[in-house]
Engineer: 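Structure incoming, see below.
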Amino acid sequence: MLKNLDSNNQILFSGVSKDYSLKDVALIDVSFSVASGEFVSLIGASGSGKSTILKLIAGLEEPSSGKITKPEIVSLAFQGAALFPWLTVYDNIALGLRARGADEHEVAKQVSKYSNMLGLQDHLLKLPSELSGGQKQRVGIARALAIEPEVLLLDEPFSALDPKTTAELHDDIIKLWRETKKTIVMVSHLIEEAVSLSEKVILIKNHGVAGTYDITMPYPRREQEVEFSRDVLKIRREFFK
Ligand code: ADP
Ligand code: MG
């Protein structure tokens, strides 16, 4: 695939397979690329291997075979935010920075930058139990961004949220992506969500890539527009085939 030789590719999977054990196959011969600054979504049924792809990009798992090119600093915001309940919002956001040995001046600067961007500035001294679901998810995203990763990985970041909160977070993610110009790879199980947010959608089926779709609709994309778009119809057809 000539396209994969493009030097602009920040992430490149070439024939990547992953099995956790003899009977736990997660990925079979997966190839795709992500350009620097691109917003890519991975969609597919539960168990198809989406989270495994993110873990491989994050370096939390190693491939069984094949080759992965990826940048050094990558952050993963986990499904359900995975906050530490005994730490304040401030300390949760600061976690990754402190783990990397950042001084408190740097920590304060980064926490302020991303708590402002995600509308958390008035909640910094609260504990996670005092936050709404949407706010918790925002803290998880702020924590992931605080270390200034080259790539932000989001694993079903909206799956536990109500529709209104989800819509608000969608808008904020797009704003954040535009402001930071960071590469985003997001896992979703909703075709409409993937099409409304990303420039490229990769469909994972039977542990492999079943299709790659460039979404060229201009932003902001309205719900109605997305729902009845050709992109959604095309992907849906392949998804359920
Ligand atoms: P998805 O995120 O699309 O739901 P996953 O990547 O989590 O899929 O999982 C893909 C497959 O790999 C599933 O069959 C799952 O059971 C298996 N799997 C994932 N993580 C592990 C693990 N740590 N050990 C064994 N099997 C795993
Ligand atoms: Mg998953």
Side-chain angles (χ1 to χ4, degrees), residues 11-34 38-71 74-83 133-134 136-141 143-145 149 151-163 165-166 169-170 173 183-213 215 231-232 234-241:
I11 300 169
L12 182 58
F13 274 48
S14 308
V16 171
S17 297
K18 170 72 181 175
D19 30 66
Y20 289 98
S21 71
L22 273 179
K23 56 178 183 35
D24 292 311
V25 176
L27 297 173
I28 304 167
D29 195 19
V30 167
S31 300
F32 68 89
S33 65
V34 178
E38 198 173 20
F39 194 144
V40 173
S41 289
L42 304 168
I43 62 165
S46 177
S48 57
K50 306 179 299 295
S51 294
T52 298
I53 292 178
L54 293 194
K55 286 181 201 156
L56 289 167
I57 300 172
L60 299 174
E61 293 285 350
E62 291 296 321
S64 307
S65 62
K67 190 170 180 293
I68 298 175
T69 308
K70 57 186 176 63
V74 174
S75 262
L76 172 59
F78 290 93
Q79 215 163 341
L83 304 180
K136 281 183 204 164
Q137 202 52 254
R138 286 167 192 272
V139 176
I141 295 169
R143 177 172 68 193
L145 285 166
V151 176
L152 174 65
L153 306 172
L154 300 170
D155 197 347
E156 305 205 16
F158 317 112
S159 58
L161 306 176
D162 62 83
T165 307
T166 301
L169 255 171
H170 281 175
I173 289 285
T183 311
I184 299 182
V185 182
M186 180 185 87
V187 163
S188 173
H189 58 268
L190 298 174
I191 298 170
E192 288 83 356
E193 177 171 273
V195 169
S196 108
L197 297 179
S198 43
E199 297 174 292
K200 187 158 90 186
V201 174
I202 300 174
L203 174 61
I204 308 295
K205 241 169 92 172
N206 305 323
H207 311 294
V209 175
T212 300
Y213 308 86
I215 315 297
D231 297 312
V232 165
K234 204 160 56 174
I235 298 169
R236 193 178 287 150
R237 208 175 301 136
E238 187 60 39
F239 193 109
F240 292 106
K241 201 160 83 182

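Each ligand, and each atom within it, is numbered from 1 in the order the structure gives. Note that the structure is a prediction, hence the values are computed from the model and not measured.
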Engineer: Could you say whether the N/O atoms of K55 and ligand 1 ever approach to under 3.5 Å?
Structural biologist: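 Looking only at distances, the answer is no, because the N/O contact criterion of under 3.5 Å is not met.
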Engineer: Measure the shortest side-chain to side-chain distance between D231 and Y213 over non-hydrogen atoms and say whether it is less than 4.5 angstrom.
Structural biologist: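 Side chain of D231 against side chain of Y213, heavy atoms only: no contact under 4.5 Å found.
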Engineer: Under the side-chain contact (heavy atoms from CB on, under 4.5 Å) test against I57, which residue among V74, T52, I68 passes?
Structural biologist: V74
Engineer: Nearest protein heavy-atom contact for atom 5 (P) of ligand 1: which residue, which atom, what distance?
Structural biologist: T52 OG1, 3.7 Å
Engineer: Look up atom 16 (O) of ligand 1 and tell me if a protein heavy atom lies less than 4.0 Å from it?
Structural biologist: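 It does not: no protein heavy atom is found less than 4.0 Å away from atom 16 (O) of ligand 1.
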Engineer: Using a strict 4.0 Å cut-off to heavy atoms of S46, name the atoms of ligand 1 that fall inside it.
Structural biologist: 4 (O)
Engineer: Is E199 reaching over with its side chain to a backbone N or O of F39, donor-acceptor style, under 3.5 angstrom?
Structural biologist: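 At least one qualifying donor-acceptor pair exists.
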Engineer: If you measure every N or O of E61 against every N or O of ligand 1, does any of those distances drop under 3.5 Å?
Structural biologist: no
Engineer: If the cut-off is 4.0 Å to any non-hydrogen atom of A26, which atoms of ligand 1 fall inside it?
Structural biologist: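 Answer, ordered by atom number: 10 (C), 11 (C), 12 (O).
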Engineer: Between T52 and the Mg ion (ligand 2), is there a contact where an N/O/S atom of the residue lies under 2.8 Å from the metal?
Structural biologist: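 Given the 2.8 Å cut-off, T52 does not count as a ligand of the Mg ion (ligand 2).
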Engineer: With heavy atoms of G49 as the reference, note each atom of ligand 1 found under 4.0 Å away.
Structural biologist: 1 (P), 3 (O), 5 (P), 6 (O), 8 (O), 10 (C)
Engineer: What are the two closest heavy atoms between L203 and G44, and how far apart are they?
Structural biologist: CD1-CA, 4.4 Å
Engineer: Using modelled atom types and a 3.5 Å cut-off, is there a donor and acceptor pairing between side-chain atoms of S17 and backbone atoms of D29?
Structural biologist: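 Flag set: sc S17 to bb D29 pair under 3.5 Å.
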Engineer: Check whether any side-chain heavy atom of S198 lies under 4.5 Å from a side-chain heavy atom of V40, and answer yes or no.
Structural biologist: no
Engineer: Verify, without hydrogens or angle tests, whether S64 (side chain) and D19 (backbone) share a donor-acceptor contact under 3.5 angstrom.
Structural biologist: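 Looks like yes, one N/O pair under 3.5 Å.
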Engineer: Has A45 got any heavy atom lying under 4.0 angstrom from an atom of ligand 1?
Structural biologist: yes
Engineer: Per the side-chain contact (heavy atoms from CB on, under 4.5 Å) rule, which among V30, L27, V16 passes with P63?
Structural biologist: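 Among V30, L27, V16, the one meeting side-chain contact (heavy atoms from CB on, under 4.5 Å) with P63 is V16.
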Engineer: Suppose we measure from atom 7 (O) of ligand 1 to each protein heavy atom; which comes out shortest, and what is that distance?
Structural biologist: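 Checking every protein heavy atom, the shortest distance to atom 7 (O) of ligand 1 gives S51 CB, 3.7 Å.
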Engineer: Do any N/O atoms on H207 end up under 3.5 angstrom from N/O atoms on ligand 1?
Structural biologist: no
Engineer: Should G44 be listed as contacting ligand 1, given a heavy-atom distance under 4.0 Å as the test?
Structural biologist: no
Engineer: How about F158 and I173: do any of their side-chain heavy atoms sit closer than 4.5 Å?
Structural biologist: yes
Engineer: So which protein heavy atom does atom 19 (C) of ligand 1 come closest to, and at what separation?
Structural biologist: Y20 CE1, 3.2 Å
Engineer: Atom 11 (C) of ligand 1: which protein heavy atom is closest, and how many Å away?
Structural biologist: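 The protein heavy atom lying closest is G47 O, 3.7 Å.
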